[in-house]
There are 2 protein chains.
Amino acid sequence: MSPPTLHDVAREAGVSVATASRALNGSSRNVRSENVSRVRAAAAKLNYEPHLSAQAIAKGSTRTVALVVRDVADPYFSAIAAGVVQAAEAAGLIVTMAVADGSPERELEIVRTLRGQRPRVIIVTGSRIEGTGLRETLVEELAEYRTAGGRVVLISQRDLPFATVTVDNGGGAAALARALLGVGYRRFAVFHAAPEIRTSRERHEGFLAELAAAGAPEPLAVETGFTRTGGYEAARRLVERGFEDVEAVFAVNDVMAIGAMTALRDAGVLPGRDLGVAGFDDIDSAMDVRPALTSVAVPLREAGLSAMRLALSGDGSGDGSGEADVRLPAEVVLRESTPPRRPG
Amino acid sequence: MSPPTLHDVAREAGVSVATASRALNGSSRNVRSENVSRVRAAAAKLNYEPHLSAQAIAKGSTRTVALVVRDVADPYFSAIAAGVVQAAEAAGLIVTMAVADGSPERELEIVRTLRGQRPRVIIVTGSRIEGTGLRETLVEELAEYRTAGGRVVLISQRDLPFATVTVDNGGGAAALARALLGVGYRRFAVFHAAPEIRTSRERHEGFLAELAAAGAPEPLAVETGFTRTGGYEAARRLVERGFEDVEAVFAVNDVMAIGAMTALRDAGVLPGRDLGVAGFDDIDSAMDVRPALTSVAVPLREAGLSAMRLALSGDGSGDGSGEADVRLPAEVVLRESTPPRRPG
DNA sequence: TTGTAAGCGTTATCAT
DNA sequence: ATGATAACGCTTACAA
């Protein structure tokens, strides 16, 4: 009826629970090999699986990694999640997932209740907390968790006192600007999200900075949602307004860019030919969309792997000192959505 | 240093652990309201979070849902996962994720060790187990888990004795065939995966059946991987072989279809104009790709939600009797990748 | 209404 | 090398 316990295994093998326990995990060094096999056989026979919660409470630590993402279905986060899960499984750890859904309150609430899981590691990605008082609370919460021996790794911008995996948003956007200038574009529109979204802001700013440095005119800024729909809307607005003064659109992420392309086409504007379009992230569909989307490749899965690596390497933190960082390079990929263009 | 325990809270509030426990969870009815607030205050002051593992072992049950998917990064599974996570969080449950990676052995291994977590629910999606002896073992494993009070829900085909959420693959494929015949296509190539992959087989068969019923010629079958690359390869092979005798390609899933479109284009063949292309799943990018991809919409997120609903409604199972099913309708969406075509 | 104490399934200490 | 037995943090009879 109910699953076999270690007691059952011990009885079956004719040894004490202590011996059974020792036989089944690491400390098997000091148990007679005959008993080891006895116990193993009994465990196999009963199809015994140790109760992880019981182990956790006895050992005082779990084998759990808690991952907080903004949205599982978003290819950006699912790629990161894939990396995290891969690395975690390789290390024999279990991954739990929580979805913050873009709400700082929810994110804070999640981190709070996460502590109840007593995970070994908490990885937070796509945090939107900025400016608000919630931010300090989040930091306190995480710091407290860390003090209790947990590892914290953020995948976002390095602006919180925790080990962080960042993608070089500013640098990538600057490189993109440079590349686009290089193929003849000078007048841009930027589809960006609310400035509280760090990622959006950094990409936006990196892009602006490079344009300014090159003496190009300041681009038209269109604020919208950080989603496919956001991109679609922004493009619709741009078309309505008229876009004679812009040669290309830079959307701060690919799903926005792809939404924008669809909107353009719906409005009879041919992306690539009538208006250049570039995105950021280089998600899979960037290369399947037509025209293929110019983007900035970000090693998302690698980010997840790095986060786990960071967490397990002992730099996840410990006692405040030594928050290691990993900065992942972002690489421009020019495609047909921004064909070379002769100035004028 | 280490997190506060219920003892700490009790001491802080000046009551016994029992009272503290009662005050903090359900049975608070029989504790003086003054003490309830005392305890609540103490808990808040200490920032107490109950140790979930300890609760689990004391209560004999967890609040965990274990989700097994083939690949987190695949939009098909991440959409399902999103539904599962959403429903689980709404019910106050924690979701753990494991990735089977397309390997039946791995899947079995996962389910086995999952039992250690003692999850309330196990949801398996994208199972590939077929034919092999592993299948029976999997069933036994899950049945045993169910006997111990766990709920099992499968998201796949209804061929295992557990509650199942299915998408109507056969019916959807048949409807697609009908629709394509309706707009003038008669000669097809089908890009399908190995027959062990149920989903692929069902879609393939549904498509064939409908063609046969309509007296259309038997399509060319091209076996390949169930992935984007698989689709790409198959299309490449098709082009090499020559495709004068085919008017449209049906790839058994969208990522394959999208890969195929890219391959066609790479070979100078224009999808939609030179060769119709249709997929299955209607993932987000199906409508962003050009030409927009004809597909069969499957309510993936809904599948995740339904699975949780099934699990929580008590039909997850219990004692063998009453395995409820949910069959999700699949709906044809004709787009530009299969423009109407005049016969001949 | 409250407290004492006996579990829950492990691991770890300490004798033997 | 092995077996009692005390933790681990919590819930829940059972008493008071």
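What you see is a predicted model; the values in this text were computed from it and never measured.
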Atom CG of A/L24 to atom C1' of C/dT10: distance rounded to whole Å? 11 Å

In whole angstroms, the gap separating C1' of C/dA12 from CD of A/Q55 amounts to 13 Å

I need the CD-P distance between B/E49 and D/dC10, as an integer number of Å. 11 Å

Whole angstrom is fine here: how far is it from CD1 in B/I57 over to C1' in C/dA6? 13 Å

For residues A/R301 and A/A82, report the shortest heavy-atom separation together with the two atoms involved. NH1-CB, 3.7 Å

What's touching nucleotides 14-16 of chain D from the protein side, N or O pairs under 3.5 Å?
none

Scan residues 112-120 of chain A against DNA chain C and write down, sorted by residue number, each residue with any heavy atom closer than 4.0 Å; if none is found, say none. none

For A/A20 and A/V15 the tightest heavy-atom approach is N-CG2, 4.1 Å

Exercise: identify the closest heavy-atom pair between A/S306 and A/L328: OG-CD1, 4.2 Å

So, do B/V124 and B/L138 sit near enough that their side-chain heavy atoms are less than 4.5 Å apart? no

Could you tell me if the side chain of A/R115 sits less than 4.5 Å from the side chain of A/E141, heavy atoms only? yes

Measure from the side-chain heavy atoms of B/H51 and tell me the nearest of D/dG9, C/dT11, D/dT11. D/dG9

Should B/N35 be listed as having a side-chain N or O under 4.0 Å from OP1 or OP2 of C/dT1? no

For the pair made of CG in A/L52 and C1' in D/dC8, what is the distance, rounded to whole Å? 15 Å

Among D/dT2, C/dT10, C/dT4, which is the nearest nucleotide to the side chain of B/A18? C/dT4

For a quick test of your reading: what N or O donor-acceptor pairs under 3.5 Å do the side chains of residues 88-96 of chain B make, sequence neighbours left out?
{"from": "B/E89", "atom 1": "OE1", "to": "A/R106", "atom 2": "NH2", "distance (Å)": "3.0"}
{"from": "B/E89", "atom 1": "OE2", "to": "A/V99", "atom 2": "N", "distance (Å)": "3.0"}
{"from": "B/T96", "atom 1": "OG1", "to": "B/Q117", "atom 2": "OE1", "distance (Å)": "3.1"}

Any side-chain donor-acceptor pair under 3.5 Å between B/Q86 and A/D101? no

Closest heavy-atom pair, A/L305 versus A/G83, reported as atoms and distance to 0.1 Å, is CD2-O, 3.3 Å

Heavy atoms from C-beta onward define the side chain here; which of D/dG9, D/dT12, C/dT10 lies closest to that of B/K59? D/dT12

Side-chain N,O (A/S21) to OP1/OP2 (C/dT10) below 4.0 Å: no

Run the side chain to side chain contact (heavy atoms under 4.5 Å, CB included) test against B/S16 and tell me which residues pass, sequence neighbours left out. B/A18, B/T19

Has the side chain of B/Y145 got a donor or acceptor atom that lies under 3.5 Å from a matching backbone atom of B/V121? yes

In terms of side-chain heavy atoms of A/T19, which of C/dG3, C/dT10, D/dG3 is nearest? D/dG3

For A/N25 and C/dT11, is the shortest distance between a side-chain N/O and OP1 or OP2 below 4.0 Å? yes

Angle separating the five-pair end axes of the helix from C/dT1-D/dA16 to C/dT16-D/dA1, nearest 10°, is 40°

Near DNA chain C, counting only heavy atoms under 4.0 Å, which residues of residues 4-17 of chain B show up? B/V15, B/S16

For B/A42 and B/E12, work out which heavy atoms get closest and say how close. CB-CG, 3.5 Å

Is it true that B/E144 and B/R112 make a salt bridge, defined as a side-chain N closer than 4.0 Å to a carboxylate O? no

Indicate the atoms forming the closest heavy-atom contact of B/A148 with A/S2, along with that distance. CB-CA, 4.4 Å

Quick one: are B/R120 and B/R63 in side-chain contact, heavy atoms under 4.5 Å? yes

